[in-house]
Amino acid sequence: MRSIKTTCAYCGVGCGIKASVTGKRSVTIEGDVDHPANRGSLCSKGTHLGETVGLEGRLLLPMIGGEPVSWDQATTEVASRMKTCIDEHGPDSVAFYVSGQLLTEDYYIANKLMKGFVGSSNIDTNSRLCMASAVAAHNRAFGEDIVPCTYEDLDHADVILLVGSNTAWCHPVIWQRIEKAREENGTKLVVIDPRRTETAERADLHISVEPDGDVALFDALLAASDLDHAKVAETCEVPEGFWDSRSPDHGIDPQLFAELTQMVAGSQNLITLFSQGANQSRCGTDKGNAIINLHLATGHINRRGAGPFSITGQPNAMGGREVGGLANMLACHMGFSDEERSAVGEFWQTDRISQDMGLKAVDMFEAVHRGDIKFIWVMATNPAVSMPNASRVREALERCETVVISEVLEDTDTGRLAHIKLPALGWGEKDGTVTNSERVVSHQRALFPAPGEARADWRIMVDVARAMGFEAAFDFDTPASVFREYCAMTAISAARGRKLDMTHWADCSDDEYEAMEPFRWGGDHPLAAGYPTRSGKAKLIPVSAPERRPLPDAFPMRLNTARYRDQWHTMTRTGYSPRLAHHRREPLVEVHHDDALALGIADGDLAKVATKHGSSLYRAQLSAGQQRGTLCVPMHWTDITASAGRTGKLSSDDTDPFSGQPGFKDAPAFLESVVPAWRGFLVSRINVETAPETFLGEYWVKSRVEGGWLYELAGMQELDFASLLPVGALSEVSFPSKGMQRFAVCDEGGVLDAALFITRNGDLPARDWVAKQLGEPLEDLPALLAGRPRVAGPDRGAIVCVCHDIGTFEIEDAIAGGANTLPAIGRSCRAGNNCGSCRPELARMLESAVQEIKEAAE
Ligand SMILES: Nc1nc2c(c(=O)[nH]1)N[C@H]1C(S)=C(S)[C@@H](COP(=O)(O)OP(=O)(O)OC[C@H]3O[C@@H](n4cnc5c(=O)[nH]c(N)nc54)[C@H](O)[C@@H]3O)O[C@H]1N2
Ligand SMILES: Nc1nc2c(c(=O)[nH]1)N[C@H]1C(S)=C(S)[C@@H](COP(=O)(O)OP(=O)(O)OC[C@H]3O[C@@H](n4cnc5c(=O)[nH]c(N)nc54)[C@H](O)[C@@H]3O)O[C@H]1N2
Ligand code: SF4
Ligand SMILES: [Mo]
């Protein structure tokens with residue numbers, strides 16, 4: 001067994017992991033107690049990384065037109081297609097669309113190749129969909145894209161505002177830290193989110209702002225602050241008329257606003273943490289600046305425990321921003337002035353440096369659609385799912401002459417539209433660095449050898465660059481050699497007064513690189529010594545609340561999109577974990593009870609959500625935490641995991657005017673009930689929907705169970721249900737009068753291969769027990785077809801704690817047995833004592849138990 005320190009594959013918290021390799025492709029995962037980001041903690045996704053390192057579904061060979069080819073052939077083909085395109089149509093006819101899931105070394109090569117040698121800036125990253133508004137806000141206010149805080153500041157804040165961040169689900173280890181600060185120091189927590197999320201439920205104050213009401217809210221907070229304007233002007237450039245144009249209209253309940261202003265005014269150390277509810281908006285940059293304005297003016301910045309804190313989503317969103325992965329930055333926090341271009345050109349030894357900014361993601365895919373871009377290379381992202389108005393992006397890719405992808409998986413929605421597929425190393429195989437939200441650079445290390453023919457992303461690009469004739473500039477042979485050059489390059493930004501300076505790593509040896517411990521660039525509060533602006537001061541930015549847009553009659557509701565606790569993006573990794581599937585097996589549309597009632601939709605019904613771009617199907621979840629007139633759906637499901645639950649095709653491609661980031665959180669929408677003729681579920685050891693000509697009904701959603709897959713099903717027309725099943729020994733019971741049909745299929749050895757349960761008007765059995773019988777010898781057919789064991793074991797209820805596999809009934813028993821705090825529940829049945837992601841839900845169960853006791857006593 002080898003123990004290796006590495007960094008989590010998922011979110012921008014950037015947790016350190018101690019991985020013990022236990023076999024060819026198996027590993028046990030622990031939090032690294034020495035890593036500053038997590039000090040040993042992990043969340044459910046990090047904890048279960050070991051379940052996702054198998055080779056199932058992997059792309060292992062380069063493919064052209066669906067046929068495997070050698071790397072030589074693939075490299076030559078990509079290089080020659082790119083070169084021909086540049087020669088015939090100019091540098092701007094090619095584009096790279098990259099990702100915050102690339103390593104810094106990969107990003108550096110991609111940026112150097114595109115901006116330095118192709119001579120175009122048409123490289124943009126999925127961080128455009130994620131962080132671009134925060135970047136623009138930082139640049140406007142600070143003169144550089146700097147996050148002025150660290151996680152340690154959270155330990156010292158007395159008031160924390162969370163804006164548009166479901167931290168308990170999306171940044172769980174930061175959430176654990178906030179919980180600890182509240183417990184130990186009495187830190188107050190305010191959540192600003194239109195939805196009552198699990199994070200909001202746990203807050204001292206939840207402000208259910210109107211969608212995009214944040215600019216008005218923060219501007220009003222600023223207007224209500226008691227400020228010495230002369231003092232503010234000592235550290236800030238204040239535009240003429242700035243103070244007079246601040247609006248006191250906050251748009252929320254006056255009582256709540258008063259409570260909030262009191263908290264902010266009384267705070268010694270204020271932190272505002274913000275993520276997608278702020279960034280993903282048509283006024284995302286103004287939201288960021290409204291938050292930063294408040295911090296600058298009130299002095300809650302550049303010291304321990306205070307600051308505006310944009311938290312990153314992906315593991316290396318920050319690294320990509322550093323090297324210049326965004327189309328509007330040249331490299332290393334530099335722009336496109338002649339002076340900067342020539343310094344970069346000299347460093348790279350090229351005379352082909354790009355002239356100006358390139359196309360931002362939404363515009364880039366529009367240019368593909370128009371035919372201006374004829375070659376696009378997509379790396380480590382799945383835009384056919386995750387871009388807004390994703391059907392249009394699919395159309396664009398279908399029209400494009402050459403679509404290349406670098407991927408770890410054989411089948412993805414985007415891969416289905418690619419001409420050339422290049423197999424990349426994934427987490428656990430690749431080696432390089434990532435930077436987290438608090439500017440800590442950590443090493444992601446390889447745990448396993450490269451599978452099949454897969455290669456590191458940087459290496460794939462280096463080979464293509466060389467084949468294009470740029471041998472000297474791409475003379476890299478290890479990630480360390482790339483890292484050294486990147487670090488050396490930051491001398492150019494540092495010499496121009498920028499804070500990004502990694503030059504102390506420019507001469508590291510391979511061994512030093514290998515042994516790298518996590519380190520932070522810029523220090524704890526990089527702006528404390530002055531701002532990288534001409535005046536050395538920060539800038540207050542006049543912001544304006546967005547115009548209210550009337551909703552069209554056809555789309556009278558507002559659609560928000562969000563994430564689930566145990567799924568990651570387009571589910572290409574988490575979708576393989578049976579444990580992580582427990583939390584939410586289907587995409588839900590959350591809707592307020594009154595709206596649902598008016599539309600004749602009951603909890604658990606199917607419902608169609610439509611926008612002007614398209615429609616998808618979801619299971620309705622009635623929720624008092626949803627504002628009336630609004631809906632919320634998850635971003636995760638794809639054509640691989642569902643027949644019709646894809647959200648990207650609904651989202652609006654309206655973008656913020658400064659950052660170009662799409663407003664994923666607010667689109668006019670329409671909801672209606674869908675009443676299927678039949679409903680059912682299927683458990684199967686194989687993927688049945690991939691067989692040719694298979695039609696599982698209008699609605700299917702696939703999720704992982706131990707040893708196979710579970711399909712939730714519903715359809716509008718009758719099917720020959722037996723034909724959906726794999727071939728084998730088939731048993732069937734049916735009660736036509738009850739509209740019920742049930743089937744089981746075993747292999748030659750009598751082992752259960754699949755079971756299918758259909759109803760037209762009745763109930764369906766619980767899924768868990770039936771799914772557990774997959775791959776087991778079928779000894780009691782009647783019990784299986786009844787959907788429950790003959791002698792019932794203890795029913796544990798729905799699984800709440802995925803780490804320890806603890807169900808609702810076990811938790812209720814613990815509470816009934818006297819466990820009246822979260823730690824006590826943990827001691828009694830272990831629920832919630834590992835990653836803590838389920839603690840908000842445990843707290844809710846505890847509260848409702850207390851409520852019941854109170855009501856009984858009254
Ligand atoms: N489990 C899990 N964790 C993840 C990810 C994942 O896929 N799954 N992805 C990672 C990535 S890349 C990212 S970017 C982060 C995202 O992390 P978050 O930003 O926390 O995630 P979201 O759920 O997209 O959105 C957050 C909240 O914004 C709210 N919101 C919507 N509109 C508004 C508004 O107008 N104002 C305000 N104040 N709030 C609004 C939504 O209701 C939602 O609850 O998560 C990272 N962590
Ligand atoms: N409706 C809606 N849409 C959204 C959002 C939202 O809130 N709502 N959020 C947006 C945000 S913030 C983000 S960050 C994006 C995320 O969206 P995507 O970037 O599309 O999400 P992933 O599913 O993580 O896609 C990563 C792909 O890269 C592959 N991959 C993984 N590791 C590697 C690697 O090392 N190398 C290579 N070459 N490939 C690899 C995976 O198999 C997968 O196909 O979605 C955006 N889209
Ligand atoms: S919070 Fe969870 S997903 Fe994010 S880095 Fe840490 S363990 Fe990974
Ligand atoms: Mo993101």
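Hydrogens, waters and symmetry mates play no part in the numbers below; they use all other heavy atoms, side chains included. Start at 1 and go down the list; that is how both ligands and their atoms are numbered. Keep in mind that what you see is a predicted model, and the values were worked out from it rather than measured.
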Q.
Can you tell whether the side chains of Glu56 and Arg704 come within less than 4.0 Å, N to carboxylate O?
A. yes
Q) Under a 4.0 Å heavy-atom cut-off, what residues line ligand 2? A) Gln101, Asn126, Leu129, Cys130, Gln276, Gln280, Gln314, Ala380, Thr381, Asn382, Ser386, Ser406, Glu407, Val408, Leu409, Thr412, Ala424, Leu425, Lys430, Asp457, Thr561, Arg563, Trp568, His569, Thr570, Thr572, Met635, Thr647, Ser651, Phe664, Lys665
Q: Assess the pair Tyr97 and Phe365: is the distance between their ring centroids shorter than 6.0 Å?
A: yes
Q. Honestly, is Arg25 close enough over Phe448, meaning NZ or CZ under 6.0 Å from the six-membered ring centre and within 45° of the axis?
A. yes
Q.
So if I count the atoms of ligand 3 from 1 in the order they appear, which ones are less than 4.0 Å from some heavy atom of Gly14?
A. 5 (S)
Q. How about His35 and Ser442: does a side-chain donor come under 3.5 Å of a side-chain acceptor?
A. yes
(Q) Name the residue from Lys5, Arg445, Arg39 that meets the salt bridge (Lys or Arg N to Asp or Glu O under 4.0 Å) definition with Asp32. (A) Lys5
Q) Do Gln314 and Asn126 get their side chains close enough for a donor-acceptor pair, meaning under 3.5 Å? A) yes
Q. Using the ring of each side chain (for Trp, its six-membered ring), is Tyr151 parallel, tilted or perpendicular to Phe309, with breaks at 30° and 60°?
A. parallel
**Q.** Cut-off under 2.8 Å, centre atom 2 (Fe) of ligand 3, protein N/O/S atoms
**A.** Cys43 SG
**Q.** Cationic N near anionic O, under 4.0 Å, Glu407 to Lys421
**A.** no
Q) Using 4.0 Å as the upper bound for N to carboxylate O, is an ion pair formed by Asp413 and Arg394? A) yes
Q) Do Tyr107 and Ser99 meet the criterion of a side-chain donor-acceptor pair at a distance under 3.5 Å? A) no
